[in-house]
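Beneath this line is the structure, given in structure tokens, with notes to follow.
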Amino acid sequence: MIMVDGVSAFCDDLQVDPGDVVMLVISWHMKAATMSEFSKQEFSNGLQSIGVDSLDKLKSLLPYLRAELKDEHKFREIYNFAFSWAKEKGQKSLALDTALGMWQLLFAERVWPLVDPWCQFLQAKHNKAISKDTWVQLLDFSRTIVPSLSNYDAEGAWPYLIDEFVEYLRDIGVVHPC
């Protein structure tokens, strides 16, 4: 196993901050089970799958790996992967602080103008772990509902938490009821 210290050294060798989104993309390629850890098999199979057999080759691929986030299909896969990868072992939900950090990281790449209000809402009104359903549905919400919420249907099949978020935005005057 490559544990936290080894992953940190790996990041140093790549000249990449451990919190850089490209490390999430690399972990996705490695099919890593846990954040900040790689099994020998995950590491070797992942590097092999992207055709890398040296640190220099991996460094040269970093721009390509970052660019994968611009592909809608790959972004969705990486986004969904991030939930299981980032949650604590044995937990079904993602700790709120971890979810907030992951959303900030991911939506910095695929801009969603409501990410900051979403995070503020969760801290102010929810303050609980995030379920897989909410995680998955938020991506759909961010991709289908415009920031003004003019195409939001209160009768739609959104999770209750997302409905509460819409009410929160209206209550604080970020958006106005249609």
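With Phe121 as reference, Leu161 is the one residue of Leu161, Leu114, Ile172 to meet the side chain to side chain contact (heavy atoms under 4.5 Å, CB included) rule. Here the rule is side chain to side chain contact (heavy atoms under 4.5 Å, CB included) with Ile50, and of Met30, Lys57, His29 only His29 fits it.
Of the possible polar contacts, none joining the Glu167 side chain to the Glu164 backbone as a donor-acceptor pair under 3.5 Å is found. Although no hydrogens or angles enter the test, the distance criterion places a donor-acceptor pair under 3.5 Å between the side chain of Ser27 and the main chain of Met23. A donor-acceptor pair under 3.5 Å is formed between the side chain of Thr144 and the backbone N or O of Asp140. Counting only distance, with no hydrogens or angles, the side chain of Ser131 and the backbone of Thr134 share a donor-acceptor pair below 3.5 Å. Looking at Ser8, its side chain never comes within 3.5 Å of a backbone N or O of Asp5 through a donor-acceptor pair. In this structure, Arg110 contributes its side chain and Lys70 its backbone to a donor-acceptor pair below 3.5 Å.
Taking the charged nitrogens against the carboxylate oxygens, Asp20 and Arg66 do have a contact shorter than 4.0 Å, which makes a salt bridge. Salt-bridge annotation for Lys74 and Glu68: present, with a side-chain N of the basic residue lying under 4.0 Å from a carboxylate O of the acidic one.
Between Leu24 and Met102, the closest heavy-atom pair is CD2-CE, 3.9 Å. Heavy-atom minimum distance, Ala157 versus Gln137: O-OE1, 4.4 Å.
There is no side-chain donor-acceptor pair under 3.5 Å between Trp118 and Tyr168.
The environment of Glu88 atom CD is sparse: at most 12 non-hydrogen atoms of other residues, nucleotides or ligands sit within 6.0 angstrom. In the displayed structure, Gln41 atom CD is contacted under 6.0 Å by at most 12 heavy atoms of other residues, nucleotides or ligands.
The CG atom of Leu100 lies 7.0 Å from the CD1 atom of Ile130; values are rounded to the nearest 0.5 Å. Here CG of Leu122 is found 12.0 Å from NZ of Lys125. Values are rounded to the nearest 0.5 Å.
For Asp116, the side chain to side chain donor-acceptor pair (under 3.5 Å) partners at least two apart in sequence or on another chain are Gln104.
Proximity of the aromatic rings of Phe165 and Trp158 is defined here by a centroid distance below 6.0 angstrom, and this criterion is not met.
By the 30° and 60° cut-offs, the orientation of the rings of Phe107 relative to Trp112 is tilted.
Residues Val4 and Phe38 fall into different hydrophobic clusters, defined by Ile, Leu, Val, Met, Phe, Trp and Tyr side chains chained together at heavy-atom separations under 4.5 Å.
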